[in-house]
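Order of the sequence lines fixes the chain letters, A, B, ..., with proteins taken first and strands second; residue numbering starts at 1 for each chain.
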Amino acid sequence: MGVDMQVPVDSDRARARCRSHRRRILEVSQKVDALHVAPAFSCLELVDAVLNYCVDEPVGGADAFILSKGHGAMAHYVVLEGLGVLDPSRVDRISQSGSTVGGHPDRGIPGIIASTGSLGHGLPLALGIARGKREHSTPGTVFVVMSDGELMEGSVWEALLLGPSLGITNVTVIIDHNGSISRGDIMKVQPNLIPVAPKLQAFGWDTREVDGHDTAAIVEALRSGSGTAPLAIIATTTKGKGVSYMENQPIWAYRSPSPEEYQVALSELVDPEDSHA
Amino acid sequence: MRDAVARAITEAARTRDDVILVVADISPAASLKTFLDENPTRIVDVGVSEQAMIGMAAGLAMTGLRPFAYTIAPFALYRPLEQIRVDLAYQDLPVVVIGVGGGLSYSALGATHHTMEDVAIAGALPNMTVIAPCDPLETQAAVTGSFDLTGPAYLRLGKSGEPDLTAAATEPFVLGRIRQVRAGSGTALVGYGPILELGLRAADQASGRGVSPSVYSAHTVKPLDLERVDTILSTYDRVVVLEEHVHRGGLGMQVQARANEIGSTASVVSLHLGDVFLHTYGSKDDLLEAHGITLESVTDALIGRR
């Protein structure tokens, strides 16, 4: 199981890899009209951490990964590209005429086991996979990345209540807690959603709270499960993380940057060694 | 039909190692006791959580199991419809959603517990097979046949105590094929689900009045056996479609559309539930009567008086 592999985290390399992922997402954003850039930037370190350090194999192994916040698809695609699972030429043509890779994950794309995009589906699916593993006597953990806004879906609470009730411990939820939904600040719409952790604890989950852009901290939390309860990680993140003008600006949930904006964004994502050159 | 589905699932689990039940707070204890005794871990009771029932069933299917998701029909289909659409149909996973108490079975409990439009709704979903057996025998055959499917199915059942109608049927049950249950001539009655019992009684009545209808069970409502529909439309002068379902999206509308499409000269009469929620209660016959469906009205349709 992934949690036993204990691949050490080189924070500098992880940061460089995620900067590269962000540049790649921006590159693709220049080829298509609208891309969920900011939601992908928000969960990028989370997806990268799970697939690089926690699952036994990025695809087809004992562990499994579901991006329940399907609108973060670009994060998943570029991490899969980086792992050699998904052909970049398919991502280059995302959502274009004849393309078989679109704006949300679709079961059957290499590395993608669940069609998400409608919120609140990933966790019940994960419980089913985890429960199925018990019947097959196969090991493995199912990792699910959700958005915090997704927690407003009733199906999520059915599953949060049900998982521990069924004694399922091999599901790990990572909540991309950027504090915002399409229309803005969660605190203005559903202030009672926050704080998240006590609610999950009351439902029988072990919880950890981490900086959702600190790969080492994320991986440490992912590896800290007790084994007696399923683990939920509340990862504090910034929507649009890494590009100053995108951070916490709702419009970037949907917009692709103009050529000028693209250059500004790239200049903020330069690797340190390059900036000295 | 409740017992028949339990028997069939129990039988299947004796020769297959991939059968698992996901139920939402329903107590099939009596009929499923044998299954539970023989397969104690092969049931997941999710409580009153129908969305989780479908999502979990999809996840179980992803691991290679063949889940049956089982609860009362409106809660099996309508409550988690988006899970059925995305998790099962879009991903094309082999989960059978069993809706027990379909149609007006729970006649005393009000429209919250009725499914009058489920065949249309489930049938509109790509990849979905819709099966509505007319009796316990067809229910068992439908469960057995469902293992040949590679995608999801909605199995619409009555509740309990339905008589076997097809023990002496003139044709066997084959999933996906309309079967003749009784041979006659001139007029055909085509239906699905337990209301076929009323259709058979009406056919008996009609026989006393000089008309001897053939009776067909269109248990697989989707994909509809159009080849057989065409044959029926070209063989009989009069085709009466009987269903415990609203007209829109039901079998009657499809048979009428097909008749128009192929230029059939048969007169097609559709007997169906009204486009209305009842606020009256009583027996199922009482509710069918409120929708205009009685032994007399079906008989009249068969002998050409409507």
Side-chain angles (χ1 to χ4, degrees), chain A residues 59-66 68 70 102 104-109 112-140 142-144 146 150 153-168 170-171 203, chain B residues 13 16-25 38-69 71 75 78-95 97 125-127 150-152:
Chain A
V59 58
D63 299 316
F65 173 69
I66 295 174
S68 191
H104 294 106
D106 195 352
R107 176 173 165 83
I109 293 173
I112 289 171
I113 62 165
S115 298
T116 56
S118 173
L119 297 176
H121 286 253
L123 188 53
L125 288 173
L127 294 183
I129 296 171
R131 183 64 175 73
K133 285 180 180 297
R134 194 189 293 174
E135 292 307 309
H136 294 295
S137 301
T138 50
V142 190
F143 296 89
V144 182
M146 293 174 44
E150 188 172 3
E153 294 284 3
S155 58
V156 172
W157 295 97
E158 287 189 5
L160 285 171
L161 187 58
L162 184 59
S165 297
L166 292 175
I168 290 172
N170 54 334
V171 167
F203 278 47
Chain B
R16 311 179 59 103
D17 62 3
D18 55 3
V19 179
I20 189 160
L21 275 168
V22 190
V23 303
D25 191 42
E38 295 176 9
N39 313 276
T41 69
R42 289 300 173 93
I43 187 162
V44 181
D45 187 347
V46 299
V48 191
S49 307
E50 293 83 5
Q51 299 177 79
M53 173 181 77
I54 299 299
M56 275 200 76
L60 289 161
M62 284 177 175
T63 73
L65 295 170
R66 301 282 308 206
F68 290 84
T71 192
F75 316 127
Y78 301 152
R79 184 57 168 262
L81 181 62
E82 205 241 1
Q83 276 74 19
I84 290 176
R85 177 175 179 269
V86 175
D87 300 348
L88 304 187
Y90 184 31
Q91 301 190 114
D92 203 13
L93 291 168
V95 172
V97 178
L125 299 173
N127 292 333
T150 56

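Counting heavy-atom neighbours within 6.0 Å of R42(B) CZ, excluding the residue itself, gives a total above 12. Open room surrounds CZ on R79(B); 12 or fewer heavy atoms of other groups in view lie less than 6.0 Å from it.
Shortest non-hydrogen contact noted between A52(B) and P124(A) is CA-CB, 4.2 Å. Between I20(B) and R131(A), the shortest heavy-atom distance links the atoms CD1-NH1, 4.4 Å. Between G132(A) and L60(B), the shortest heavy-atom distance links the atoms N-CD2, 3.4 Å. Across all non-hydrogen atoms, the minimal contact from S115(A) to Q91(B) is N-OE1, 2.6 Å.
Rounding to the nearest 0.5 Å places OG of S118(A) at 7.0 Å from CD of Q83(B). The distance from atom CD of E50(B) to atom CD of E158(A), rounded to the nearest 0.5 Å, is 6.5 Å.
When each of G117(A), A114(A), A159(A), G108(A) is checked for heavy-atom pairs under 4.5 Å with chain B, A114(A) comes out on top. Ranked by heavy-atom pairs under 4.5 Å with chain B, the first of I113(A), T116(A), L125(A), L123(A) is L125(A). Your options are D92(B), L65(B), T41(B), V46(B), and the one with the most heavy-atom pairs under 4.5 Å with chain A is T41(B).
Between M56(B) and L162(A), the closest side-chain pair of non-hydrogen atoms falls below 4.5 Å. Put simply, the side chain of Q51(B) does not reach to within 4.5 Å of the side chain of E153(A), judged on heavy atoms.
Neither the backbone nor the side chain of A64(A) comes within less than 4.5 Å of any heavy atom of chain B. Contact of L93(B) with chain A is made through the side chain alone, with heavy-atom distances under 4.5 Å.
Every residue meeting the salt bridge (charged side-chain N to carboxylate O under 4.0 Å, His left out) condition with R16(B), not counting sequence neighbours, appears here in chain and number order: D18(B). Listed by chain and residue number, nothing satisfies the salt bridge (charged side-chain N to carboxylate O under 4.0 Å, His left out) test with E82(B) (two or more places apart in sequence, or in another chain).
In this structure a side-chain-to-backbone donor-acceptor pair under 3.5 Å is missing from H121(A) to V86(B).
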